[in-house]
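First the proteins, then the strands, lettered A, B, ... as listed; each starts at 1. Just so it is clear, the values below take in all heavy atoms, side chains as well, and ignore hydrogens, waters and symmetry mates.
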There are 2 protein chains.
Amino acid sequence: MTRTTDFDRDEMIDKAMNVFWNKGYEGTSMRDLMESTGLQKGSIYNSFESKENLFLLCLERYASNSRSFHYKEGDPGMYLQNFFRRLVKEGVDKKFVKGCLVMNSCLEFSGDEKILSRKAKILFTATEKNLRNVAEAFFNSSKSTSEIKKIQVNLVAAAFSIREISKFKKDKDFLVQIANNVLKEFNLRI
Amino acid sequence: MTRTTDFDRDEMIDKAMNVFWNKGYEGTSMRDLMESTGLQKGSIYNSFESKENLFLLCLERYASNSRSFHYKEGDPGMYLQNFFRRLVKEGVDKKFVKGCLVMNSCLEFSGDEKILSRKAKILFTATEKNLRNVAEAFFNSSKSTSEIKKIQVNLVAAAFSIREISKFKKDKDFLVQIANNVLKEFNLRI
DNA sequence: CAATAATTTGACCGATCGGTTAAATATGTA
DNA sequence: TACATATTTAACCGATCGGTCAAATTATTG
């Protein structure tokens with residue numbers, strides 16, 4: 001009955017996400033988004049409403065991608081090892097200066113309480129929950145709730161440090177030490 | 001023989017520094033700087049050359065202020081306790097959403113290698129050196145260089161985490177746990 | 001007080017920002 | 001094939017960006 005969109009919506013969100021991930025929300029211009037997606041400005045606004053809404057979709061896409069890396073079953077120790085190995089590996093990669101889009105956004109929007117800030121914080125708690133789940137699975141009720149909570153904090157802080165410090169300090173020993181320090185609590189090393 | 005500048009240069013740098021600290025480099029406009037300093041745009045350019053150069057002066061001022069908090073002598077354990085107590089105290093303060101200007105700048109400029117980025121990274125190493133000095137003073141050659149280095153990394157990561165995470169997560173227990181986890185290595189608590 | 005040399009002021013610059021709009025174009029249905 | 005309805009395109013919008021500049025102002029020295 002009528003004309004349909006002639007681009008793949010998901011693909012465009014992916015492309016936009018990568019720009020936002022690299023340059024941040026404010027650091028990304030409509031020009032950047034037009035170039036990365038190959039769409040004209042009007043098409044972007046027609047399909048995604050606004051820069052803000054497009055970013056929201058990108059944040060959700062990023063979180064959705066992340067969720068597929070979350071712990072579900074299997075050896076929690078192995079999971080943690082692989083988790084931190086990946087963080088360090090990506091961190092030392094000179095081409096990888098992106099950090100984590102959710103953490104980046106929490107930092108960029110800290111200070112305001114608008115929709116993007118609130119969303120970023122909510123998605124941050126998903127990472128926290130994931131790490132708590134791993135800790136619980138590892139210690140299998142041999143530790144109290146408050147002990148688990150402390151370990152969760154240490155895991156979150158370590159992940160945050162590695163992801164964000166690696167944006168400007170590509171020092172493998174440094175990043176590995178952060179990981180090993182928290183893995184110690186699991187009698188593990190990278 | 002001629003007219004002299006009729007404002008206090010140091011005072012203006014302080015005022016500019018606070019804006020940059022709150023809003024970041026890109027997030028701060030000349031308008032913001034004019035309002036915070038009370039100077040006209042032309043005066044700012046006449047006295048400080050450019051936004052970039054003014055920021056550089058602010059970075060150096062910030063680092064200079066920080067240096068007065070660095071460890072020099074006395075009980076290194078007490079120093080560390082006070083250091084982390086201050087980080088947590090400032091971190092939970094709802095009005096304090098600034099983090100650390102040097103760390104913020106390292107993050108904001110990650111990806112490029114221009115003057116501001118280089119300067120921020122250099123100043124970051126000053127914090128690293130300070131924490132290493134404390135660790136060395138505390139363990140007083142009872143630990144090897146590589147052991148000290150590992151403890152230094154843990155201290156840096158903890159300080160970074162508290163300062164930056166507290167920008168968007170004002171959870172005292174969380175921040176205290178990060179501090180206590182690293183203070184454990186010194187048989188200390190907050 | 002007058003001459004000198006600096007600062008201060010505010011208008012102005014081109015570029016870019018996110019966003020809008022109307023016309024051109026293309027697609028599916030009758 | 002023609003209509004209806006959507007998307008696509010590119011010109012355009014006011015606001016703001018960092019920065020410049022010439023004129024006005026002011027403090028100092030001879």
inquiry  = Counting only side-chain heavy atoms from C-beta out, which of C:dG18, C:dT8, D:dG19 sits nearest to A:Tyr45?
reply    = C:dG18
message = Taking only side-chain N and O atoms of B:Ser29, does any of them lie within less than 4.0 angstrom of OP1 or OP2 on D:dC17?
response = yes
ask   = Taking CG from A:Asp32 and C1' from C:dC17, how many angstroms apart are they, rounded to a whole number?
value = 11 Å
query = Do A:Asn130 and A:Thr127 meet the criterion of a side-chain donor-acceptor pair at a distance under 3.5 Å?
reply = no
task = Please state whether the base of C:dT16 and the side chain of A:Arg31 form at least one donor-acceptor pair under 3.5 Å?
result = no
query = What is the distance, rounded to the nearest whole Å, between atom CD of B:Gln40 and atom P of C:dT8?
reply = 10 Å
request  = Figure out the CG/P separation between A:Asn46 and D:dT5, and round it to whole Å.
outcome  = 16 Å
ask   = Rounded to whole angstrom units, what separation is found between the CG atom of B:Asp6 and the P atom of D:dT28?
value = 10 Å
task = Using atom NZ of B:Lys41 as one end and atom P of D:dA22 as the other, report the distance to the nearest whole Å.
result = 17 Å
query = Whole-Å distance between C:dC17 C1' and A:Glu26 CD?
reply = 10 Å
query = Of B:Thr4 and B:Tyr25, whose closest DNA chain D nucleotide lies nearer the 5' terminus?
reply = B:Tyr25
inquiry  = When you compare the side chains of B:Ser29 and B:Asp32, does any donor N or O come within less than 3.5 Å of an acceptor on the partner?
reply    = yes
inquiry  = I need the CZ-C1' distance between B:Phe7 and C:dT7, as an integer number of Å.
reply    = 9 Å
request  = Heavy atoms only: give me the nearest B:Lys167-A:Ser110 pair and the separation to one decimal.
outcome  = O-CB, 3.2 Å
note = In whole angstroms, the gap separating C1' of D:dG18 from CE of B:Met34 amounts to 12 Å
message = Please verify the inter-ring angle class for A:Phe48 with A:Phe7; under 30° counts as parallel, over 60° as perpendicular, anything in between as tilted.
response = tilted
ask   = B:Met30 has a side chain; which of C:dT8, C:dG18, D:dG18 sits nearest to it?
value = D:dG18
query = Any side-chain donor-acceptor pair under 3.5 Å between A:Asn181 and A:Lys184?
reply = yes
request  = Hey, which sits more toward the 5' end of DNA chain D by its nearest nucleotide, B:Glu52 or A:Gly38?
outcome  = A:Gly38
request  = Go through D:dG19, D:dA27, C:dG19 for me and flag the one nearest to the B:Ser50 side chain.
outcome  = D:dG19
